[in-house]
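Comments concern the structure below.
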Amino acid sequence: PQWLLVCTCRRRTASMLGRIIAADEGAIGVKLYHMVNLGILGLTPAALAAPPSMSFAMDMLLAVAFPLHGHIGMNYVLTDYVPKIFGKAARGPARVVMLGVTGATTAGLVKLNLQGPGITGTLKALWRK
């Protein structure tokens, strides 16, 4: 029946959002964190050394990879320290705030790539006079 399909979709959406908010829990989060970490390790120097024709694609990958890496990593920090300082009940709201920070960071980096010099262009400008 249709009501069962709606309930199933809502449950999947809620559980997916829960996985994103609690990104440090579960084997998938750990694997994703390590894969993104290794990807950033190779992609960052490659993006800086790449010709301008390839920099946009690499900038867009970095615009997603940097905030994702920070989101998962900061969730580990929140899991360890928020309950010690503010109590266990504060962990959920802290994770939601972290999701907002991650979204804002991603949006800012994408805007930099689309309307500005891009991530690599900005980093290269640090070494120019």
Can you name the side chain to side chain contact (heavy atoms under 4.5 Å, CB included) partners of Ala90, sequence neighbours left out?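 Checked Ala90 against side chain to side chain contact (heavy atoms under 4.5 Å, CB included); matches are Val82, Phe86.
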
Hydrophobic clusters here meaning ILVMFWY residues chained together by side-chain heavy-atom distances under 4.5 Å, can you tell me if [X] and [Y] are in one?
{"X": "Leu43", "Y": "Phe56", "result": "no"}
{"X": "Leu41", "Y": "Leu62", "result": "no"}
{"X": "Leu68", "Y": "Met58", "result": "yes"}
{"X": "Met60", "Y": "Leu123", "result": "no"}
{"X": "Met54", "Y": "Ile40", "result": "yes"}

Determine which pairs satisfy side-chain hydrogen bond (donor to acceptor under 3.5 Å, both in side chains) with at least one residue from residues 38-57, sequence neighbours left out, and list them in order. none

Nearest non-hydrogen partners of Ala63 and Thr106, listed with the distance: O-CG2, 3.7 Å

For Thr122 and Pro117, work out which heavy atoms get closest and say how close.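 That closest heavy-atom pairing would be OG1-CG, 3.5 Å.
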
Enumerate donor-acceptor pairs with a distance under 3.5 Å from any side-chain N or O in residues 98-105 to protein atoms, sequence neighbours excluded.
{"residue": "Thr102", "atom": "OG1", "partner": "His71", "partner atom": "ND1", "Å": "2.9"}
{"residue": "Thr102", "atom": "OG1", "partner": "Met98", "partner atom": "O", "Å": "2.9"}
{"residue": "Thr105", "atom": "OG1", "partner": "Val101", "partner atom": "O", "Å": "2.8"}

Which pairs, with at least one residue in residues 64-89 and sequence neighbours excluded, count as a salt bridge (charged side-chain N to carboxylate O under 4.0 Å, His left out)? none

Taking only residues two or more places apart in sequence, or in another chain, which ones meet Tyr81 in a ring-ring contact (aromatic ring centres under 6.0 Å, His included)? none

Residues passing the ring-ring contact (aromatic ring centres under 6.0 Å, His included) test with Phe66, sequence neighbours excluded, are none

Under the salt bridge (Lys or Arg N to Asp or Glu O under 4.0 Å) test, residues paired with Arg91 that sit two or more places apart: none

For a quick test of your reading: what N or O donor-acceptor pairs under 3.5 Å do the side chains of residues 26-39 make, sequence neighbours left out?
none

Quick note, ring-ring contact (aromatic ring centres under 6.0 Å, His included) partners involving residues 105-129, not counting sequence neighbours, are none

Partners meeting side chain to side chain donor-acceptor pair (under 3.5 Å) with Thr79 (sequence neighbours left out):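 Thr79 satisfies side chain to side chain donor-acceptor pair (under 3.5 Å) with Asp24, Arg95 once adjacent residues are dropped.
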
Sequence neighbours excluded and cut-off under 3.5 Å, please list the side-chain donor-acceptor pairs for residues 107-116, or say none.
{"residue": "Asn113", "atom": "OD1", "partner": "Ile119", "partner atom": "N", "Å": "3.0"}
{"residue": "Asn113", "atom": "ND2", "partner": "Asp59", "partner atom": "O", "Å": "3.0"}
{"residue": "Asn113", "atom": "ND2", "partner": "Leu109", "partner atom": "O", "Å": "3.3"}

